[in-house]
Amino acid sequence: MRTGWKNPQPQPSVRSGRGASLARKWVQQRHLQTMALLGVVWMIIFHYIPMYGILIAFKQFDIIGTLSSAPWAGLEHFRAFLEDDNFWYIVKNTLGISLLKLAIGFPLPIVFALFLNEIRSTRFKKSIQTISYLPHFLSWVILGGILTTWLADTGMINQLLLAWGWIDQPISYLAEPSYFWAIVVSSDIWKELGWSAIIYLAAMAGVSTDMYEAATIDGAGRFQKMWYVTLPAIKGTISILFILAVSGILNSNFDQILVLRNSLNESASNVVDIYVYQVGIQQGRFSYSTAVGLLKSVLALVLLLIANSVTKRVNNTSLF
């Protein structure tokens, strides 16, 4: 008879041990987890469940009937949009405004944050920062009214230009399509410059002072520190925000354009978002407008993946 033999005890599986560890961690962080769970529930209710409505883009939906009873239309609405006479000038306006915002409005907050970070007076720095991001808290309804007043024939802009002798007669800027893109881009920068710079200032606050001291010992000036120390230290933040900006390049800020557009500048202000609003809400073509919005979302996803891949190869920074 074999002696010294012991019945082996069953070892807990790795999966059960990991599950117990996660359960203990959830109990320890139950307050934070509950707060996060509420956000997840909110996102599921308002973002994922409504995605069922995407089917409208592939059906002949009528508001009188139901989505399930609507006949299938396939890709008819997508083809109709691509063959629409307004397609090319809508795309031109959307890309023109968005690319100008990306080319001018994206680097300016970085430059502004760099110079703001160099201000030594805390009081002066806070004053400039407060003044710069104050317009962010005003809605485009308010700012649109201000801009409409300023840019009128008898507005402040015309009065100043006439007083300085730069123009001979008043110009109705919002009635001229040639000025619309410049007005939209400049007003968007005015509203969001200071707010966008906050993220970069927060990233700059995390840069080690030892790096600046080492650069000072090496004889670097302020601009050299910006270029060789600060910018490389925040390149990850810049890359992430650039990816998000590229993915939203088909969004032309619906609120802003809606309050600034009129029948006289329609040729320069009719973008995809405005077109979807006109066709879907005003004309009641729900399936067609849903197809246009879905097509825009798919293209935005493609742009996101491309920008993410490029930044990952260039500086090894990406969202995923």
Side-chain angles (χ1 to χ4, degrees), residues 25 28-29 31-33 35-36 39-40 43 98-138 185-249 251 253 256 300-301 303-320:
K25 185 177 292 186
Q28 293 172 357
Q29 302 175 353
H31 302 295
L32 295 176
Q33 296 289 352
M35 293 175 60
V40 172
M43 184 172 294
S98 298
L99 289 175
L100 283 174
K101 287 183 178 181
L102 182 65
I104 302 174
F106 183 78
L108 276 182
I110 303 175
V111 176
F112 180 70
L114 286 171
F115 284 102
L116 197 62
N117 189 55
E118 294 297 319
I119 298 177
R120 295 292 176 259
S121 174
T122 304
R123 180 176 298 179
F124 182 66
K125 180 178 179 179
K126 288 183 178 180
S127 300
I128 295 297
Q129 192 172 358
T130 302
I131 294 172
S132 64
Y133 68 62
L134 184 61
H136 170 80
F137 298 99
L138 299 178
V185 174
S186 58
S187 61
D188 185 75
I189 293 173
W190 168 49
K191 186 176 187 295
E192 302 296 341
L193 177 66
W195 184 258
S196 301
I198 293 177
I199 301 177
Y200 300 111
L201 287 171
M204 293 174 190
V207 181
S208 175
T209 56
D210 296 339
M211 300 177 65
Y212 291 110
E213 293 174 358
T216 303
I217 294 174
D218 291 339
R222 283 196 171 187
F223 288 99
Q224 291 174 318
K225 292 178 184 177
M226 291 182 192
W227 186 259
Y228 293 107
V229 178
T230 308
L231 281 177
I234 65 171
K235 68 177 183 179
T237 303
I238 296 175
S239 299
I240 296 300
L241 293 178
F242 177 76
I243 294 172
L244 297 176
V246 171
S247 66
I249 202 170
N251 297 323
N253 198 338
Q256 177 191 19
L301 177 61
L303 291 173
L304 173 65
L305 296 175
I306 293 174
N308 186 77
S309 177
V310 170
T311 55
K312 189 175 183 178
R313 293 184 178 182
V314 172
N315 57 15
N316 200 26
T317 302
S318 61
L319 285 174
F320 46 86

**Message:** Consider side chain to side chain contact (heavy atoms under 4.5 Å, CB included). Of I306, I240, I243, N316, which one does T311 pass it with?
**Reply:**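 Checked I306, I240, I243, N316 against T311; only one passes side chain to side chain contact (heavy atoms under 4.5 Å, CB included): I243.
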**Asked** Applying the side chain to side chain contact (heavy atoms under 4.5 Å, CB included) test to I110, which of T230, I199, I238, T237 qualifies?
**Response**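 So, applying the side chain to side chain contact (heavy atoms under 4.5 Å, CB included) to I110 and each of T230, I199, I238, T237, only I238 qualifies.
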Rounded to the nearest 0.5 Å, what separates atom [atom1] in [X] from atom [atom2] in [Y]?
| X | Y | atom1 | atom2 | value |
| --- | --- | --- | --- | --- |
| E118 | K225 | CD | NZ | 7.5 Å |
| I249 | L244 | CD1 | CG | 13.0 Å |
| L99 | F106 | CG | CZ | 14.0 Å |

What closest approach, in Å, do [X] and [Y] show between heavy atoms, and which atom pair accounts for it?
| X | Y | answer |
| --- | --- | --- |
| M226 | P232 | O-CD, 4.4 Å |
| I234 | A203 | CG2-CB, 3.7 Å |
| P109 | A197 | O-CB, 3.8 Å |
| K101 | N253 | NZ-CB, 3.6 Å |
| G219 | Q224 | O-OE1, 3.8 Å |
| A113 | Y200 | CB-CB, 3.7 Å |

For [X], look at atom [atom1] and say whether over 12 heavy atoms of other residues, nucleotides or ligands are found less than 6.0 Å away.
| X | atom1 | result |
| --- | --- | --- |
| F223 | CZ | no |
| K235 | NZ | no |
| W190 | CH2 | yes |

**Asked** Short question: side chain of S309, backbone of L305 - any donor-acceptor pair under 3.5 Å?
**Response**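 Side chain of S309 to backbone of L305, a donor-acceptor pair under 3.5 Å: no, none is there.
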Do [X] and [Y] have side-chain heavy atoms sitting under 4.5 Å apart?
| X | Y | answer |
| --- | --- | --- |
| V185 | I189 | yes |
| K191 | L138 | no |
| I128 | F112 | yes |
| L193 | S132 | no |

**Request:** Go through the steps to decide whether L114 and M204 satisfy the test side chain to side chain contact (heavy atoms under 4.5 Å, CB included), and finish with yes or no.
**Result:** CA-CA 8 Å; L114 286 171; M204 293 174 190; 3.4 Å; yes
**Prompt:** Quick one: do the K312 and S239 side chains pair a donor with an acceptor below 3.5 Å?
**Reply:**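 No, because no side-chain N or O of K312 sits under 3.5 Å from a partner of the opposite role on S239.
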**Item:** Mutual orientation of the aromatic rings belonging to W195 and H136 [parallel < 30°, tilted 30-60°, perpendicular > 60°]
**Value:**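 Parallel.
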